[in-house]
Amino acid sequence: MEHKKPTREEAEEAVRTLIRWAGDDPARESLKDTPKRVVNSYSEIFAGYNMTINEKISRSFCKKPEFDDIVMLDDIRLESVCEHHMLPIIGRASVAYIPNSKVLGISKLARIVDYHAKRLQMQERLVVEIAETLSELIAPKGVAVYIEAKHHCMTTRGVHKDSAVMKSMHMEGLFKEKTYRNEFILMLKK
Ligand SMILES: [Zn+2]
């Protein structure tokens with residue numbers, strides 16, 4: 001899909017339009033810098049579109065074919081944006097894998113989460129995309145991704161169910177087997 005990225009000025013103008021649409025005056029003293037601040041925060045929120053993960057991030061580990069221990073990074077802060085309402089999805093992610101011959105630095109696991117989360121997203125797709133990227137990078141014997149998050153489109157608007165937490169899980173490879181699946185679930189922070 002071909003699309004030209006709007007300029008920063010165009011993005012700020014769009015924010016002024018929304019302010020007017022809400023019923024306020026974008027020229028009002030304390031709103032004057034708001035478009036700039038909104039665009040700045042959007043750059044952060046959507047940082048995933050400008051991130052790369054194809055840098056050299058894997059390092060070899062061991063070739064012991066019988067190695068089937070689980071490596072897991074738990075409780076990774078998750079900040080995403082729902083693609084239907086452009087409102088925050090805030091929660092935590094847990095990513096686990098069973099190495100084949102390569103392992104990842106743990107900060108890279110968190111980076112893979114951000115790479116996919118800091119975009120317009122659906123939680124159901126997010127767990128799959130994180131798992132697929134991990135598989136592409138180090139071809140592990142299994143990958144499991146669990147996310148639980150609150151969707152602001154549900155907590156602060158719409159049905160206003162402020163305590164509702166959405167949970168989603170995706171497993172590939174060895175984690176489809178009951179033993180590993182159960183082990184992963186046991187390892188999830190209570
Ligand atoms: Zn939504």
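Each ligand, and each atom within it, is numbered from 1 in the order the structure gives. Here the structure is a predicted model, which means the values were calculated and not measured.
- In this model, a donor atom of one side chain and an acceptor atom of the other lie less than 3.5 Å apart for Tyr146 and Glu148.
- Hydrophobic clustering of Ile, Leu, Val, Met, Phe, Trp and Tyr side chains at less than 4.5 Å, counting indirect connections, unites Met86 with Val38.
- The OH atom of Tyr115 sits 14.0 Å away from the NZ atom of Lys108 when rounded to the nearest 0.5 Å.
- No other N/O/S atom of His85 lies as close to the Zn ion (ligand 1) as ND1 does.
- For Cys153, the nearest N, O or S atom to the Zn ion (ligand 1) falls under 2.8 Å.
- Taking 2.8 Å as the criterion, His84 does not count as a coordinating residue of the Zn ion (ligand 1), since none of its N, O or S atoms falls below it.
- A cation-pi arrangement, defined by a distance under 6.0 Å to the six-membered ring centre and an angle within 45 degrees of its axis, is present between Arg119 and Tyr49.
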